[in-house]
Protein chains: 2
Amino acid sequence: MKLSTKGRYGLRAMLEIALQHAKGPVPIHVIAEHQNLSSRYLEQLLIPLKQNGLVKSVRGSQGGYILGREADKITVGDIIRALEGPISPVDCVNELNPDECDRAEFCVTRRIWSKLRDSMNQVLDSYSLEDLKNEATDVP
Amino acid sequence: MKLSTKGRYGLRAMLEIALQHAKGPVPIHVIAEHQNLSSRYLEQLLIPLKQNGLVKSVRGSQGGYILGREADKITVGDIIRALEGPISPVDCVNELNPDECDRAEFCVTRRIWSKLRDSMNQVLDSYSLEDLKNEATDVP
DNA sequence: TTATACTCTAGTAAAACTATAGGGTATATG
DNA sequence: CATATACCCTATAGTTTTACTAGAGTATAA
């Protein structure tokens, strides 16, 4: 029940882009240096974020990444789902690609996993990048 | 953010033991056959469950496993924690064995992981084996 | 024209997961 | 007391996933 580094690094990268939004596109290497990550790895994390419309890329000199939409319209859940796929403790209650098993109808544990799934999504969707931005700038 | 088979199989095994509680100790091979699992693998899952007092073992002929305490005193969270360790989306908010990082003090994302951790534990602790037992016996 | 920065694809080492296997010990029963 | 039953302990092996690393290419501002 752990988040992978994809989700954690990706969220930190998104926050970095959000914080520097005013200054224009943020290049990968800047994020990587700030967050002490491999820029080559970060590069790969930005692909699904772009595909999901959470960031836009600007190529060429002075290029980099900008937010795909306003920070208050991007939730932590959006970011995690883009990077790690549907948030679900088991595949049989995965909404996108349910891996139904024979016993689904009688399965007593299934209901618990559904409830856990909903709760996880609810918590992660209750935070937007804007919220994180505000907290980050509050720090002295 | 997936549960491993340990957690899923373990919960099903515990439910099986709870359901057959009246008939005395339930041998591993019975659980394994009912749930279509490898009994050799199941054997390993029962070790941590026993260490955590969730089941007791009875050796010898007519032996098997019985619940370590009443079904309404065992939550799904107890079972998952016994099998998979502390329920936490990241190690830095793991209560038992916190893997604090340098940035913990300023870390904006940390608060979200705490809230997610609490929510996950709360959901899983809101179901007892007794609840599951009741649902299971309701099925025609 | 050139430096900057994104894009796409492939490969790889390490860790975690999911078992399988062998040899042992305790105990109820006949 | 012999024996079948069933738990107990440790080791290991195959597979998958994770977390990168690397090479070659493309677009664009200056």
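Computed from heavy atoms alone, side chains included, the values below leave out hydrogens, waters and symmetry copies.
A side-chain N or O of Arg81(B) and one of Asn121(B) form a donor-acceptor pair less than 3.5 Å apart. Remark: the Thr75(B) side chain and the Asp125(B) side chain contain an N/O donor-acceptor pair separated by less than 3.5 Å. With 3.5 Å as the limit, one finds a donor-acceptor pair spanning the side chains of Tyr41(A) and Thr5(A). For the residue pair Glu95(A) / Ser88(A), no side-chain donor-acceptor distance below 3.5 Å is found, with atom types taken as modelled.
As rounded to whole Å, 18 Å separates atom C1' of dT28(D) from atom NZ of Lys56(A). Summarising the geometry, the separation between CD1 on Ile17(B) and P on dA6(D) is reported as 14 Å, rounded to the nearest angstrom. Between the CZ atom of Arg59(A) and the P atom of dA27(D) there is a distance of 6 Å, rounded to whole Å. Nucleotide dT18(D) holds its C1' atom 11 Å from the CZ atom of Arg8(A), rounded to whole Å.
Nearest-nucleotide mapping onto DNA chain D: of Ser4(A) and Val58(A), the residue sitting toward the 5' end is Ser4(A).
Annotation: Glu43(A), atom CD; neighbour count of heavy atoms from other residues, nucleotides and ligands within 6.0 Å is above 12.
No salt bridge links Glu130(A) with Lys73(A); every basic N to acidic carboxylate O contact stays at or beyond 4.0 Å. Salt-bridge formation is detected for the pair Asp78(A)/Arg69(A): a Lys NZ or Arg NE/NH1/NH2 atom is positioned less than 4.0 Å from an Asp or Glu carboxylate oxygen.
Put simply, chain B comes within 4.0 Å of DNA chain C, heavy atom to any atom, from dT18(C) to dT29(C), going 5' to 3'.
Contact between the side-chain N/O atoms of Ser57(B) and the OP1/OP2 oxygens of dA6(D) is not found at any separation under 4.0 Å.
We find the CD1-CD distance between Ile28(B) and Glu33(B) to be 12.0 Å, quoted to the nearest 0.5 Å.
The stretch residues 21-55 of chain A comes close to DNA chain D through Ser38(A), Arg40(A), Tyr41(A), Gln44(A), each having a heavy atom under 4.0 Å from the strand.
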